[in-house]
Amino acid sequence: EGGFLDNKIAQGYSLKSASTFSVMFSSKPLTHAVGHRLWQVGLALFALVNIGRGMLNNNVYLESNSWSSKEFRFSVDELQGGDQYAAAQLNQTVGGFGLLRHGCTLNLETLKILNQNDCTLQQPSNNSLAVVCESPVVMDGYFFIVGHGEKTMHPSKFTVQALNDDGTLELIGKARWRISDDGTPRLLEGGARRSYESGEVVKVDMRIPWMWAMGFGWAQCVYSVGCCIIAVRGVFNRFRRAANILAVSGLLTSICGFAGALQWLAEGWWQEFVFFFLFNLGIATFSMVVWHEKYMAAGIAILSIYLIVIDVVRNAVFLDLEGFLLNPPVIGALIMFWAIVITALRLVILRMSKRVVQQDKERYLSLWDAILSSTDFDLFVRLQDLTKRLPVRGGKARHYTPGAAMSGPIESAEFEASGSVVSRSSGGSLGSIPFSLPSHIDAQYSSMRSIALSNGFRKIGRFLKGSVKHNLIPLSSLDQLYVQAYCLQPILREKVQAWALPSNGMFLKRSTGSNTNREVPEFIRWSDAIREPELQSQIKWSEIKRVERSVQKITRAYGEDMSRLVDVTREAIVFESISDIEEALLAIEADPDVVVVRVKDRLDPVKSVEDTAGFRCCIINLHVLNYHSVRLGLERHVAEVQLLLRSFAEIKSELGHRRYVAFRNARAE
């Protein structure tokens, strides 16, 4: 699937050169992280630990909560009216007490049959009833019958105890309780949150419900299996579906949680329903964020805060101080701790990366201060005004598939009646490269141009004005992008030569023979090269962007969107002064074959250059719409032209570029 260069992206080509922790802040953090051994090991350990916990919780569910004893005692401690229990009120408060097994009522006759001995209901104290048997009885719940007194006489606080072999009483139930995260019943202080009707049979089933197993057992296993699959695929350099696998695992986990939440509601545990619903809503939302990956780092931080808040609110609303302290927001806190650690390591790496280029940055800043002090500030103001009034049309700088909105390459470029927008040249050369078109194509072009001119004023490139933006298809193939780049390079080269001529522009001189190791690069002024053609062969023209760097940029910064990589076709012009750059911009503005789509004016004194380690230049992204580019279907390809000051270009070095590459890799850019 895809071409040769596209497959390099699919194989995770060059992902591993980025910093281990900075990848979490790239355009596809999970995809990039899986390419690093540390993250693979971390995911695998996380998966194994959580699978173990999930299986343990499932085992707890299967065993459930049950107690075996000869005596189970129900004691009333406080009434609904708030009064402490009085001895004479027992028959008005509680009409009976019994045991449950598997949700079924065990009356005294049933217990006698099951245990082959006598069981009796006794009153061991003024405020308690007890089921006493000759041999141990197994129970996993209990029930009591509300007395026929007034509602203020009904029980509010009560306890259930089991008699141990040593004669001590073990507390196994209270009026308020909940299933804890480890499956055991957590007994809480405070009275019951509901009132009872006279004669009502209140059943308390203390078995672990299946919805708890869904949320704490199966859900953990599902999510962990997804993490394990991602880690294993990463070992074999299969990164691209990591986000999809984790997102699907998260959605399945939340589905398990939602199913459990609905069962909590059906069982009347509405507070648990609210918590589980909100908890799994956060997991589902985060899973959708993971699917797109771009905002995953921010999503992790927001998720941790969200889980902590709903956990704290639940504990504060439904539990007393004891329950609140026994139920800390562990999951949210762990996620937040992990996010803080990753962010801290990222900041450390960024700080270290700045030290790598600190020497180069100081040289660039010192040079820029000298330029500012020796240049009239009005010139910078004029330069800013010029870059702002350049015909920036089309919004974002992106490549689009040729012919996506129109039927053919010629139709996609219209012409203005005032002059030739598409320059016609049936023969000649482009930057010393022979270029010619067949006569029948040239004739077709002339005919179509005549029709266009006769229709009056037209706008350059309807696709650039936005009238058919919704029909444009962004370029999605790196192979196609490079084919376009190689075709457009000689056309762009001819253009920069034309702009360099009136602005005293220069180009880098090729290193040959004895000057291969020169420290300061040399430049050839294009006006001199026009007068002396032999100088043209000594010019080192800019090359097409290296595939490795293109893949890095696409994956790290652009989320594998090839259409946003707009510097594959590129050229650079060097100038002695800011005034020469102004002249070059005026030449570009006056060129009828060019549509500027974006300008990065790093020569603006107020602009920050932290991301370029102090290096300054003016970058222009543009379309070339002349006869040759239109006939080749290149009118939607975006090229880049850099306008550099000679003083900056002279202190650039191969060693300095290597330091900048290390700086860029540390930042995962």
Within the 4.5 Å heavy-atom criterion, are [X] and [Y] side-chain neighbours or not?
X    : Y    : result
F279 : L307 : yes
W67  : V138 : no
M296 : L30  : yes
L481 : H399 : yes
K553 : K545 : yes
R233 : I245 : yes
I172 : F72  : yes

Between [atom1] on residue [X] and [atom2] on residue [Y], distance to nearest 0.5 Å:
X    : Y    : atom1 : atom2 : value
S66  : M206 : OG    : CE    : 11.5 Å
I283 : Y306 : CD1   : OH    : 9.0 Å
L347 : I342 : CG    : CD1   : 11.5 Å
L246 : W291 : CG    : CH2   : 11.0 Å
L99  : N107 : CG    : CG    : 10.5 Å
R398 : L565 : CZ    : CG    : 12.0 Å

(request) Kindly give the heavy-atom pair with the smallest separation between V94 and P155, and that separation in Å. (result) CG2-CG, 4.5 Å
(message) Between E200 (side chain only) and E197 (backbone N and O only), is there a donor and an acceptor less than 3.5 Å apart?
(response)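 Indeed, once roles are kept as given, a pair shorter than 3.5 Å links the two residues.
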(request) Give a yes or no on whether the backbone of H102 and the side-chain of D140 come within a donor-acceptor separation of less than 3.5 Å. (result) yes
(request) Can you sort out the partners of S68 under side-chain hydrogen bond (donor to acceptor under 3.5 Å, both in side chains), two or more places apart, ordered by chain and number? (result)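 Partners of S68 by the side-chain hydrogen bond (donor to acceptor under 3.5 Å, both in side chains) criterion come out as none, since no residue qualifies.
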(message) When you compare the side chains of Q484 and H637, does any donor N or O come within less than 3.5 Å of an acceptor on the partner?
(response) yes
(request) Taking atom types as modelled, find out whether Y558 and S563 have a side-chain donor-acceptor pair closer than 3.5 angstrom. (result) no
(request) Begin from the C-alpha positions of V483 and D479 and carry the test side chain to side chain contact (heavy atoms under 4.5 Å, CB included) through to its verdict. (result) CA-CA 6 Å; V483 169; D479 296 82; 5.6 Å; no
(request) Evaluate the ring-ring contact (aromatic ring centres under 6.0 Å, His included) criterion for residues F158 and F144: first the C-alpha distance (whole Å), next the side-chain angles of each, then the deciding distance (0.1 Å), finally the verdict. (result) CA-CA 11 Å; F158 56 83; F144 65 91; 5.1 Å; yes
(request) Mind telling me whether Y223 and F46 have parallel, tilted or perpendicular rings, with 30° and 60° as the class edges? (result) perpendicular
